[in-house]
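This report refers to the structure that appears directly beneath it.
All ligand and atom numbering here is 1-based and tracks the order in the structure.
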Amino acid sequence: MALLEAAGLSLALPDRAAVPLFGAAPMTTILDGIDLTVEPGESLGIVGESGSGKTSLGRTLLRLYRPTGGRLRFEGTDITDLPEERLRPLRARMQFVFQDPLSSLNPRHRIEDILAQPLLAFDRVGSRAEGRQQAKALLERVQLPAAFASRYPHELSGGQRQRVGIARAIALHPPLIVADEIVSGLDVSTQAHILALLRELREQGALIFISHDLSVVRVLCDRVLVLYRGKVVEAGPCAEIFAAPKHPYTASLLASIPLPAVEPGWLAGAA
Ligand SMILES: Nc1ncnc2c1ncn2[C@@H]1O[C@H](COP(=O)(O)OP(=O)(O)OP(=O)(O)O)[C@@H](O)[C@H]1O
Ligand SMILES: [Mg+2]
């Protein structure tokens, strides 16, 4: 059974550009008839130019948005229209790592409480003290010093915050993680460390890795899906698609983004 399955998935949102004189803003199509499956433990890259719908797709797949068309199944359960209270137990099994951890980590909470929060919310620990204890173990898993437990997000660097975001996402051992542009804006060596970490975590669950950087997707993902204006224009194994893109848009993406000599060993070396 597929872990996640989308069939004809569509999303329309109120058009931000339109200013209605009367009533609600007209809807604009963001995603149009997306078909995809993610198998347990698999790593799927979602690529496409800015505005193609990558973030919207990631959010819809985890039901942070409600699809306006099509079907969405997670672990065999149809979650397309599942109300929030019935989604809640599933939320522990699907986690999102946000692009900008400074805005997704509560600035007034210490790292240990940020990491303990999902554990407490889903009754994985019996007390706040136990949660804080586990937070230290989580920090270790993402290779941060346990002393960071008592710090606040603003006291960490961008790369360190990104690791905290990952630690929070893996706290509940979810079978699915969606990571949205999580290495953009970090320097190359920090990127390499975070990617090495993701590669390691991939052994434990499936990863949907959203990125505009094809060279990173190539070393991290088994399969790739190319989005263009809210539609899938190409999908398949990375090796095949990067070697011989069928769609002109994919070819132009590959041509416009120089693929540096990123050998798989580059990540292994950074671990
Ligand atoms: N809340 C919203 N309301 C209306 N339109 C939106 C909303 N969020 C996104 N859009 C529009 O949907 C389209 C896709 O946006 P999205 O953020 O998913 O693209 P993206 O591929 O993630 O881009 P980027 O690479 O810049 O992050 C864009 O045209 C955007 O303006
Ligand atoms: Mg985005």
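- Protein N/O/S atoms closer than 2.8 Å to the Mg ion (ligand 2): Thr55 OG1.
- In terms of the side chain to side chain donor-acceptor pair (under 3.5 Å) criterion, Glu155 has no residue partners (sequence neighbours excluded).
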Only distances under 3.5 Å count here; give the side-chain donor-acceptor pairs of residues 27-34 to other protein atoms, sequence neighbours excluded, each with its distance to 0.1 Å.
residue : atom : partner : partner atom : Å
Asp32   : OD2  : Lys231  : NZ           : 3.3

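- Side-chain atoms of Thr250 and Glu234 form a donor-acceptor pair, as typed in the model, at a separation below 3.5 Å.
- Residues His212 and Glu49 have side chains that never bring a donor and an acceptor to within less than 3.5 angstrom of each other.
- Closer than 4.0 angstrom to ligand 1 sit non-hydrogen atoms from Leu13, Pro14, Arg16, Ile30, Glu49, Ser50, Gly51, Ser52, Gly53, Lys54, Thr55, Ser56.
- Proximity of a side-chain donor or acceptor of Gln95 to a complementary backbone N or O of Arg91 within less than 3.5 Å is detected.
- Between the CG atom in Leu3 and the CD atom in Glu39 there is a gap of 8.5 Å [rounded to 0.5 Å].
- Residues Arg124 and Leu172 meet the side-chain proximity criterion, which asks for heavy atoms closer than 4.5 Å.
- Rounded to the nearest 0.5 angstrom, Leu57 CG and Asp180 CG are separated by 10.0 Å.
- With respect to Asp81, the salt bridge (Lys or Arg N to Asp or Glu O under 4.0 Å) criterion is satisfied by exactly one of Arg86, Arg63, Arg66: Arg66.
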